[in-house]
Student: 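Take a look at this one; I'll ask things after.
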Amino acid sequence: MNLLGKLSWSAIPFDQPIVMGASAFMALVVALVLGWITLKGYWRYLWDEWLTSVDHKRIGVMYCLLALVMMLRGFADAIMMRAQQAVAAGGAQGYLPPEHFDQIFTAHGAIMIFFMAMPFVIGLMNFVLPLQLGSRDVAFPTLNSVSFWLTAAGALLINISLVVGEFAKTGWWAYPPLSGLQLSPGVGVDYYLWAVQISGIGTLMTGINFVATILKMRAPGMGYMRMPVFCWTSLATSLLIVAVFPVLTATFGMLLLDRYLGFHFFTIEGHGNPMMYANLFWIWGHPEVYILILPAFGVFSEVVATFSGKPLFGYRSMVAATMAICVLSLLVWLHHFFTMGAGANVNGFFGVMTMIIAVPTGVKVFNWLFTMYGGRVRFTVPVLWTIGFMVTFVIGGMTGVLMAVPPADFQLHNSLFLVAHFHNVIIGGVVFGVMAAYNYWFPKAFGFKLDERWGSASFWCWLVGFYVAFMPLYVLGLMGMTRRMQHYDNPAWQPWLVVAAVGAVVILGGVVCQVVQLVVSIRRRDQYRDATGDPWHGRTLEWSTVSPPPAWNFAVLPQVADLDAWWGRKQAMRANQDQPARAREYRPIEMPKNSATGFVIAFFAVVTGFALIWHIWWMASLGLLGAFVTVLAFAFRAQEEVEIPAEQIARFARAHQAEVAA
């Protein structure tokens with residue numbers, strides 16, 4: 001019996017120079033970072049303040065940092081695919097062999113959806129939501145930490161597959177029978193399934209946490225119709241997570257049973273139904289699109305209102321549109337397989353529902369435009385991303401309505417037209433949204449603004465690069481080029497693919513500008529320092545506290561009297577500025593104690609996932625036992641909270657007031 005299961009030296013691809021070169025580069029970067037931390041003596045600080053933190057703001061920052069790192073990995077895959085297709089015309093095979101191209105193709109989709117877009121929007125919700133609600137923390141702080149570290153564990157497993165073994169060659173949706181044991185006997189599909197299962201459990205716990213936070217932890221006086229729109233979009237997203245992530249977990253669970261124990265949920269020879277996998281996957285998969293885009297809609301609502309200097313137009317219609325999208329997103333999944341043969345009546349119903357869901361989205365776009373109309377718009381970097389979004393997303397939305405017509409979809413479904421549409425709404429919506437949020441809330445997180453010139457350069461590279469990279473794919477789709485092609489015989493396609501590759505390089509320029517923007521901003525942080533906590537003249541409660549906010553968020557919980565609570569308080573303070581300020585009474589605050597539970601559980605999750613992938617059963621048993629003991633130790637912890645003395649809170653508050661006055 002082999003103690004290491006299927007694992008052997010042959011699992012490391014020494015014969016593939018591209019893979020080994022990329023692995024060596026990643027190992028070098030990790031070694032340099034760890035060496036720098038050791039040289040500076042930061043390990044104690046990192047452990048106490050970040051790795052074991054249950055502060056929602058620090059967890060949110062770590063989510064966003066993970067997303068940015070994984071964006072670099074996913075974008076590297078995209079550049080490789082675009083370069084391969086640009087040169088692999090006619091008899092030329094390009095530089096990527098088919099099996100490697102398929103792994104890159106799958107990794108790009110899985111990383112960008114599960115480990116870039118999802119962590120970014122969840123990180124933003126983590127950081128902003130309790131501050132906007134006027135709360136001190138989320139409902140379950142330690143569960144929040146566990147959620148993040150499980151997501152990080154899944155991301156680590158995907159990156160391990162680059163060095164040890166292989167990744168799936170099935171596309172990120174992993175349709176059987178291709179993902180079944182017969183056609184994918186290697187460990188690639190197992191890497192994909194276990195990485196997503198582990199991170200998906202963390203995401204589900206996050207959804208439960210946020211629903212409880214929004215429903216039960218709002219500031220005194222903050223009724224539902226006084227919540228900022230970002231809170232509403234976060235609520236809709238969290239409800240969708242709670243509704244559909246169990247479906248994904250069950251679906252992948254059934255596929256794992258097929259692969260590990262010979263079940264026949266999706267195998268034809270065992271009277272299973274592989275088409276049912278598509279049904280179940282997209283019951284999760286299409287609401288997932290709105291799980292990603294709804295928080296971005298909330299970001300644009302905050303940005304437009306703040307930088308137009310006026311309340312959001314049509315607040316109630318915006319809330320209604322948000323919740324309508326939340327419900328309708330559960331009724332459109334079948335448009336992902338109009339070509340599967342469900343029948344005209346079924347296809348017709350889902351086609352109509354797909355068109356209807358465009359209506360509340362249109363309501364939002366008009367509300368943003370009407371908010372800007374008549375306002376004194378400040379064209380900061382977040383506003384540039386917002387305007388770029390409105391133009392780009394509307395174009396993508398119109399192509400989506402076209403594909404909602406089943407006869408048109410029959411022609412376009414498996415073509416690059418669909419790839420262009422999908423990236424049109426995901427990049428133009430989600431990526432533009434998180435970049436607007438990154439520039440908007442960065443000074444709240446770190447106390448200084450990002451450089452506007454480099455931020456503007458990044459935006460224009462992304463916008464121009466997007467159109468150059470993806471508009472040719474619409475043309476190629478209409479010319480008949482299908483998806484997932486490692487090489488092709490039609491030479492007429494090559495010029496368009498070369499243009500698309502140039503667009504990807506321009507987007508790379510945008511990524512480089514963002515890195516430079518961050519470096520420049522850190523170096524000039526004294527110049528960009530914000531002492532007020534309100535650098536944009538914001539309208540919502542997160543701008544009422546110091547930047548970065550203390551662990552307790554608010555020295556005294558705010559009393560909310562109307563919508564745009566901070567804006568209203570500022571107007572009241574201006575009206576009463578001649579009156580002497582009343583002395584505040586500060587009281588001790590109980591805050592949750594830091595816990596290593598999340599970090600330790602994630603360690604055992606990686607051990608368990610890796611062992612299950614390679615069939616190392618004793619290691620998997622130890623990993624599960626370690627996770628169980630960790631949860632047990634947390635359940636019987638001696639101290640749950642620490643008390644922040646009133647004197648410390650008072651000193652902090654007075655220091656902030658003195659800075660603002662200065």
Side-chain angles (χ1 to χ4, degrees), residues 71 74-75 78 82 112-113 116-117 120-121 124 233 289-290 292-304 307 321 325 354 357-372 377 379-404 412 416-440 455-478 496 499-500 502-511 513-514:
M71 182 180 77
F75 187 73
R82 283 283 153 259
M112 288 305 205
I113 294 293
M116 183 272 173
F120 220 134
V121 298
L124 293 173
T233 57
V289 174
Y290 292 97
L292 298 177
I293 198 66
L294 280 170
F297 287 168
V299 170
F300 297 129
S301 299
E302 303 300 328
V303 168
V304 165
F307 293 106
I325 290 172
T354 304
I357 202 171
V359 174
T361 307
V363 168
K364 287 176 171 291
V365 173
F366 281 113
N367 280 355
W368 293 320
L369 290 173
F370 288 142
T371 304
M372 299 173 78
V377 181
F379 288 96
T380 58
V381 173
V383 173
L384 292 180
W385 285 108
T386 301
I387 295 172
F389 149 78
M390 282 194 274
V391 175
T392 308
F393 189 80
V394 166
I395 294 171
M398 288 191 294
T399 60
V401 172
L402 169 64
M403 297 186 71
L412 300 170
L416 284 183
F417 191 96
L418 185 146
V419 175
H421 157 71
F422 178 75
H423 287 81
N424 209 155
V425 292
I426 291 296
I427 292 179
V430 179
V431 176
F432 281 26
V434 297
M435 293 308 166
Y438 169 68
N439 284 273
Y440 181 58
S456 179
S458 170
F459 162 74
W460 286 111
C461 285
W462 268 95
L463 186 72
V464 173
F466 167 79
Y467 282 98
V468 176
F470 289 99
M471 292 301 118
L473 302 193
Y474 281 120
V475 178
L476 286 164
L478 294 172
W496 296 100
V499 172
V502 170
V505 173
V506 177
I507 295 176
L508 176 62
V511 174
C513 286
Q514 285 173 304

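We count residues from 1, following the sequence as given.
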Student: If you measure from CZ on Phe389 to CE on Met435, what distance do you get to the nearest 0.5 Å?
Tutor: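 Between atom CZ of Phe389 and atom CE of Met435 there are 15.0 Å.
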Student: What side-chain hydrogen bond (donor to acceptor under 3.5 Å, both in side chains) pairs are there with at least one residue in residues 379-399, not counting sequence neighbours?
Tutor: Thr392-Tyr467, Thr399-His421, Thr399-Tyr474
Student: Is the shortest heavy-atom distance from the side chain of Asn424 to the side chain of Phe393 under 4.5 Å?
Tutor: no
Student: Considering non-hydrogen atoms only, spot the tightest contact between Ile507 and Ala469 and give its length.
Tutor: CD1-CB, 4.3 Å
Student: To check you understand the geometry: which heavy-atom pair defines the closest contact between Val121 and Leu292, and what is its length?
Tutor: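 Looking at all heavy atoms of both residues, the shortest contact is CG1-O, 3.7 Å.
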Student: Check ring pair (Phe, Tyr, Trp, His ring centres under 6.0 Å) between Tyr438 and all other residues, then give those that pass, not counting sequence neighbours.
Tutor: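 By the ring pair (Phe, Tyr, Trp, His ring centres under 6.0 Å) rule, Tyr438 matches Phe442.
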Student: According to the side-chain hydrogen bond (donor to acceptor under 3.5 Å, both in side chains) rule, which pairs have a member within residues 425-437, sequence neighbours left out?
Tutor: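 For residues 425-437: none.
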Student: Can you see which heavy atom on Leu384 is nearest to which on Ser456, and at what distance?
Tutor: CD1-OG, 3.7 Å
Student: Between atom CG of Leu508 and atom CZ of Arg82, what is the distance when rounded to the nearest 0.5 Å?
Tutor: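 One gets 14.5 Å once the value is rounded to the nearest 0.5 Å.
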Student: Mind listing the closest non-hydrogen atom pair of Gly397 and Val425 along with its distance?
Tutor: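 Here Gly397 and Val425 meet closest at N-CG1, 4.0 Å.
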Student: How long is the span from the CE atom in Met116 to the CZ atom in Phe75, to the nearest 0.5 Å?
Tutor: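 One gets 11.0 Å once the value is rounded to the nearest 0.5 Å.
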Student: For Gln514, what residues pass the side chain to side chain donor-acceptor pair (under 3.5 Å) criterion, not counting sequence neighbours?
Tutor: Trp462
Student: Just so I know, are the side chains of Val434 and Val299 near enough to count as touching, which here means a heavy-atom distance under 4.5 Å?
Tutor: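 When only atoms from C-beta onward are counted, Val299 and Val434 do not touch, as no gap falls below 4.5 Å.
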Student: Side chains of Val506 and Phe466: does their closest heavy-atom pair fall under 4.5 Å?
Tutor: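 With C-beta onward as the side chain, the pair stays apart.
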Student: So, for Gly433 and Ala296, which heavy atoms are closest and what is the spacing to 0.1 Å?
Tutor: CA-CB, 4.1 Å
Student: If I compare all heavy atoms of Leu473 with all of Ala500, which pair ends up nearest, and what's the gap?
Tutor: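 Here Leu473 and Ala500 meet closest at CD2-CB, 4.3 Å.
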Student: Side-chain contact test, heavy atoms from C-beta onward, threshold under 4.5 Å: evaluate it for Ile427 versus Phe470 and give yes or no.
Tutor: yes
Student: Verify side chain to side chain contact (heavy atoms under 4.5 Å, CB included) between Phe432 and Leu463, making sure each step is shown before the conclusion.
Tutor: CA-CA 9 Å; Phe432 281 26; Leu463 186 72; 3.7 Å; yes
Student: Would you tabulate the side-chain donor-acceptor contacts of residues 359-372 under 3.5 Å, counting partners in other chains and residues two or more places apart, or write 'none'?
Tutor:
| from | atom 1 | to | atom 2 | distance (Å) |
| --- | --- | --- | --- | --- |
| Thr361 | OG1 | Ile357 | O | 3.3 |
| Lys364 | NZ | Thr322 | OG1 | 2.6 |
| Asn367 | ND2 | Gly314 | O | 3.3 |
| Asn367 | ND2 | Ser317 | OG | 3.0 |
| Trp368 | NE1 | Ser301 | OG | 3.0 |
| Thr371 | OG1 | Phe313 | N | 2.8 |
| Thr371 | OG1 | Asn367 | O | 2.7 |

Student: Would you confirm whether Thr233, through its side chain, and Phe297, through its main-chain N or O, come within 3.5 Å as a donor-acceptor pair?
Tutor: no
Student: Listed by chain and number, what are the ring pair (Phe, Tyr, Trp, His ring centres under 6.0 Å) partners of Phe307, not counting sequence neighbours?
Tutor: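 Phe307: ring pair (Phe, Tyr, Trp, His ring centres under 6.0 Å) contacts with Tyr440, Trp536.
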Student: Does any non-hydrogen side-chain atom of Val419 lie less than 4.5 Å from one of Leu416?
Tutor: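 Answer yes - side chains close enough.
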Student: Hey, what do you get for CG (Leu402) to CG (Leu412), rounding to the nearest 0.5 Å?
Tutor: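 If we round to the nearest 0.5 Å, Leu402:CG and Leu412:CG are 6.0 Å apart.
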